[in-house]
Amino acid sequence: MDAFREGLLAAVPKLRRFARGLARDAAQADDLVQDCLARALARQHLFEPGTNLDGWLFTILRNLHVNHVRRAAQWRMAGEDALDGQPAPGGASDRAELRELAEAMRALPLAQREVLLLVAVQGMAYEQAAAVLGVEVGTVKSRLCRGRAALAAIMDGSAP
């Protein structure tokens, strides 16, 4: 197996975590990851060896998610109901806390949620997250700071 395909396989768990945070539904997240991997394989010739494969994949996944959100909005505007997923449940002992955290994450604006997922959950460096999101590093830091503060306020019950 070549290095590209090995890199794809190694990235799947990280892509799934990111997709679940974005899509808020396990089935939709798995579809996003599958679409991302299919697109990456079809466009393998566009990837520059020696560059950040994870960043390239996260960018593809994020763009696919944005396209799905836009399509869902168009369906709603046309009178159709869009799918409204729920987060995947955690273990029995953590289910209530995870549900509360998932609800709090859902309440955040998408820009803040994306940064939190990439930096806090995936452990990406600010520079990598900025490249994935197509923004400046300062914007990532700002969104992360505001997102963490908003998430803490929601979890404490002090958010409006």
Side-chain angles (χ1 to χ4, degrees), residues 2-26 28-73 85 87-88 90 94 97-160:
D2 66 350
F4 182 81
R5 290 176 190 260
E6 287 177 10
L8 286 181
L9 288 176
V12 169
K14 295 180 271 189
L15 291 171
R16 289 187 78 211
R17 280 192 301 269
F18 184 52
R20 282 183 183 221
L22 291 175
R24 306 178 196 154
D25 176 66
Q28 289 176 352
D30 288 342
D31 290 345
L32 267 176
V33 172
Q34 183 177 356
D35 291 347
C36 174
L37 295 173
R39 184 165 289 186
L41 286 170
R43 292 173 173 80
Q44 178 179 353
H45 64 281
L46 297 175
F47 177 71
E48 297 178 26
T51 60
N52 184 359
L53 178 60
D54 284 354
W56 188 65
L57 293 170
F58 278 108
T59 302
I60 291 171
L61 189 127
R62 179 182 176 271
N63 290 341
L64 286 168
H65 173 68
V66 168
N67 290 342
H68 288 153
V69 169
R70 286 182 183 150
R71 261 188 247 120
D94 297 330
E97 285 181 34
L98 288 176
R99 193 175 308 122
E100 185 179 336
L101 179 61
E103 290 293 323
M105 287 289 288
R106 232 189 318 275
L108 294 175
L110 179 62
Q112 292 175 5
R113 191 169 63 241
E114 287 175 334
V115 171
L116 277 169
L117 289 168
L118 290 173
V119 175
V121 176
Q122 295 295 336
M124 268 191 190
Y126 295 149
E127 294 79 13
Q128 285 181 302
V132 167
L133 298 172
V135 298
E136 298 293 323
V137 174
T139 303
V140 168
K141 291 178 181 180
S142 174
R143 288 179 183 174
L144 183 63
C145 181
R146 285 180 288 155
R148 284 178 175 162
L151 189 60
I154 294 168
M155 296 295 286
D156 291 343
S158 60

To the nearest 0.5 Å, how far apart are [atom1] in [X] and [atom2] in [Y]?
{"X": "D31", "Y": "L64", "atom1": "CG", "atom2": "CG", "result": "11.0 Å"}
{"X": "L22", "Y": "M105", "atom1": "CG", "atom2": "CE", "result": "9.0 Å"}
{"X": "L41", "Y": "R43", "atom1": "CG", "atom2": "CZ", "result": "11.0 Å"}

Would you say the side chain of [Y] lies within less than 4.5 Å of the side chain of [X], judging by non-hydrogen atoms?
{"X": "Q44", "Y": "D2", "answer": "yes"}
{"X": "Q112", "Y": "V115", "answer": "no"}
{"X": "E103", "Y": "I154", "answer": "no"}
{"X": "F4", "Y": "L53", "answer": "yes"}
{"X": "N52", "Y": "M124", "answer": "no"}
{"X": "R148", "Y": "L151", "answer": "no"}

N/O donor to acceptor pairs below 3.5 angstrom from side-chain atoms of residues 131-142, sequence neighbours left out:
{"from": "S142", "atom 1": "OG", "to": "R146", "atom 2": "NE", "distance (Å)": "3.3"}
{"from": "S142", "atom 1": "OG", "to": "R146", "atom 2": "NH2", "distance (Å)": "3.2"}

query: Just by modelled atom types, is the L108 backbone N or O under 3.5 Å from a matching donor or acceptor in the R113 side chain?
result: yes
Throw together a table of side-chain donor-acceptor distances under 3.5 angstrom for residues 56-63, partners on residues two or more places apart or in other chains.
{"from": "T59", "atom 1": "OG1", "to": "G55", "atom 2": "O", "distance (Å)": "2.8"}
{"from": "R62", "atom 1": "NE", "to": "E114", "atom 2": "OE1", "distance (Å)": "3.2"}
{"from": "R62", "atom 1": "NE", "to": "E114", "atom 2": "OE2", "distance (Å)": "3.0"}
{"from": "R62", "atom 1": "NH2", "to": "E114", "atom 2": "OE1", "distance (Å)": "3.4"}
{"from": "N63", "atom 1": "ND2", "to": "T59", "atom 2": "O", "distance (Å)": "3.3"}

For [X] versus [Y], what's the shortest heavy-atom pair and its separation?
{"X": "A29", "Y": "A23", "answer": "N-CB, 3.9 Å"}
{"X": "L15", "Y": "C36", "answer": "CD1-SG, 4.4 Å"}
{"X": "L8", "Y": "A40", "answer": "CD2-CB, 4.0 Å"}

task: Decide yes or no on side chain to side chain contact (heavy atoms under 4.5 Å, CB included) for V121 and F18, but give the supporting numbers first.
output: CA-CA 8 Å; V121 176; F18 184 52; over 6 Å; no
- prompt: How would you list, by chain and number, every residue that makes a side-chain contact (heavy atoms from CB on, under 4.5 Å) with R16, sequence neighbours excluded?
  reply: V12, R20, D30, V33
